Chemist: 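Here it is: the structure, laid out below.
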Amino acid sequence: MGRADSKSGCYHLIHVGACTTNLRVIRSCAIHAGETTMHRSSNTASRSTLCALAALSLLTESALAQETGESSPLAEKVRHATARFVDINVAFGEGWVPATPCVSGPDTGAMGVHLVFPSRLDHVVLDASQPQALIYEPTPSGAMRLVGVEFIVTAGVWAVHNPPPAVPALEGNLLNYIGEPNLFGLPAFYELHVWAWERNPSGTLADWNTHVTCDHQPVSAARAAAPR
């Protein structure tokens, strides 16, 4: 979700087919979870194994940062919290629901397909590990690729808890205000994109990403979204 293109004043939407729940994963992700308690041991082999595992973990973190082209603290927190959602079926299984078709602009790249976690839309305290929306890009194979997240606060809920001119922020980054009426038919809201899984030449927190496209939606879906 976000602002309309500055030139056209509108969004371009391409609908997502119902087949998204059966899409296969097109990229892999190593997830390092939990904590390992290390005990003293006289066994040199055991210590060597632990050291090797630690080194492998560091290499994995470094490779992931290089792949995404972004290693800011905020982006790293988002990647760690959303790594399991590289498989979109995991997101569906945990209660995420489709909120928008694929959103693109004619000259400024795209935003992609948004899935939201409904109960988080009323949150007024933002947490980098709990985005309100996941953003996916349709790929040529028909799979969906995780590219980023969006943090969303409805203006009405925010105003109840915060007198003006206070604006919601995430780790020092102010959210953008989106008034109404808007394309999504939503009441006014604040939003912030974090492109944690795809580098954005315009900046990690920019609304549009020129490295993301909606071009690979099925032809039938594109026709259904075309103006009549």
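Everything numeric here is computed off the predicted structure, so don't read it as measured data.
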Chemist: With side chains defined as the heavy atoms from C-beta onward, is the minimum distance between P118 and V97 less than 4.5 Å?
Modeler: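 Yes, their side chains come closer than 4.5 Å.
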Chemist: Between P187 and N182, which heavy-atom pair has the shortest distance, and what is it?
Modeler: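 Shortest heavy-atom contact: O-ND2, 4.0 Å.
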Chemist: Within this structure, what is the CD-OG1 distance for the pair Q130 and T82, rounded to the nearest 0.5 Å?
Modeler: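 So the gap between those two atoms works out to 12.5 Å.
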Chemist: Does W208 offer a backbone N or O that forms a donor-acceptor pair with the side chain of N200 under 3.5 Å?
Modeler: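 Looks like yes, one N/O pair under 3.5 Å.
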Chemist: Going through the distances and angles, do Q132 and L126 end up as a side chain to side chain contact (heavy atoms under 4.5 Å, CB included)?
Modeler: CA-CA 9 Å; Q132 280 69 34; L126 297 175; 3.9 Å; yes
Chemist: State, to 0.1 Å, how close P138 and H216 come at their nearest heavy-atom pair, and which atoms those are.
Modeler: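 The answer is O-CB, 3.8 Å.
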Chemist: Do you know which two heavy atoms are closest between V78 and A196, and how far apart they sit?
Modeler: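 In this case the closest contact between V78 and A196 is CG1-CB, 3.6 Å.
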Chemist: With a 4.5 Å limit on heavy-atom distance, are the side chains of V160 and V157 in contact?
Modeler: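 Side-chain contact under 4.5 Å: no.
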Chemist: Can you list every salt bridge (charged side-chain N to carboxylate O under 4.0 Å, His left out) pair that touches residues 158-177, not counting sequence neighbours?
Modeler: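 Every pair satisfying salt bridge (charged side-chain N to carboxylate O under 4.0 Å, His left out) with a residue in residues 158-177: K77-E171.
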Chemist: Quick one: do F85 and W96 satisfy ring-ring contact (aromatic ring centres under 6.0 Å, His included)? Show the steps, please.
Modeler: CA-CA 10 Å; F85 301 131; W96 294 80; 5.5 Å; yes
Chemist: Do L115 and V113 touch side chain to side chain, with heavy atoms closer than 4.5 Å?
Modeler: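 In contact.
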Chemist: Mind jotting down which residue pairs meet the salt bridge (charged side-chain N to carboxylate O under 4.0 Å, His left out) criterion with at least one end in residues 160-169? Sequence neighbours excluded, please.
Modeler: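 Counting only pairs at least two positions apart or across chains, no salt bridge (charged side-chain N to carboxylate O under 4.0 Å, His left out) contact touches residues 160-169.
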Chemist: Could you list all the salt bridge (charged side-chain N to carboxylate O under 4.0 Å, His left out) pairs where at least one residue sits in residues 129-138, not counting sequence neighbours?
Modeler: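 For residues 129-138, and leaving out neighbouring residues, the salt bridge (charged side-chain N to carboxylate O under 4.0 Å, His left out) pairs sorted by first residue read E137-R145.
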Chemist: V149 versus F151: any side-chain heavy-atom pair under 4.5 Å?
Modeler: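 In short, these two side chains touch, coming nearer than 4.5 Å.
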Chemist: Which pair of non-hydrogen atoms, one from L192 and one from L174, has the smallest distance, and what is that distance?
Modeler: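 L192 and L174 have their closest heavy atoms at CD1-O, 4.0 Å.
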Chemist: Could you grab the distance from atom NE2 of H123 to atom CD1 of I152, nearest 0.5 Å is fine?
Modeler: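 Going from NE2 on H123 over to CD1 on I152, the span is 12.5 Å.
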Chemist: Only one of F189, Y190, W158 passes side chain to side chain contact (heavy atoms under 4.5 Å, CB included) with L175; say which it is.
Modeler: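 Filter result, single survivor: Y190.
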Chemist: For the CG atom of N209 and the CD atom of E198, what is their distance to the nearest 0.5 Å?
Modeler: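 The CD atom of E198 is 6.0 Å from CG of N209, to the nearest 0.5 Å.
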Chemist: Could you pull out the closest heavy-atom pair between M111 and D207, with the gap in Å?
Modeler: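 Minimum heavy-atom separation between M111 and D207: CG-O, 3.5 Å.
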Chemist: With a 3.5 Å distance limit and no angle check, can you tell me whether T154 reaches the backbone of G156 through a side-chain donor-acceptor pair?
Modeler: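 No, T154 side chain to G156 backbone: no donor-acceptor pair under 3.5 Å.
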Chemist: If you measure from CD1 on I135 to CG on L146, what distance do you get to the nearest 0.5 Å?
Modeler: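 If we round to the nearest 0.5 Å, I135:CD1 and L146:CG are 8.5 Å apart.
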Chemist: Is it the case that W195 and S202 place a side-chain donor and acceptor less than 3.5 Å from each other?
Modeler: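 Note: W195 and S202 side chains miss the donor-acceptor criterion.
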Chemist: Side chain to side chain contact (heavy atoms under 4.5 Å, CB included) for E94 and R84? Distances and angles first, verdict last.
Modeler: CA-CA 11 Å; E94 292 191 16; R84 65 189 184 281; 2.9 Å; yes
Chemist: For the CG atom of N173 and the NE2 atom of H193, what is their distance to the nearest 0.5 Å?
Modeler: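 NE2 of H193 is found 14.0 Å from CG of N173.
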Chemist: In Å and rounded to the nearest 0.5 Å, what is the CD to CG distance from E150 to L205?
Modeler: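 The distance works out to 12.0 Å.
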Chemist: Taking all heavy atoms of P201 and all of H211, pick out the closest pair and write down the distance.
Modeler: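 For P201 versus H211, the nearest heavy atoms are CG-NE2, 3.4 Å.
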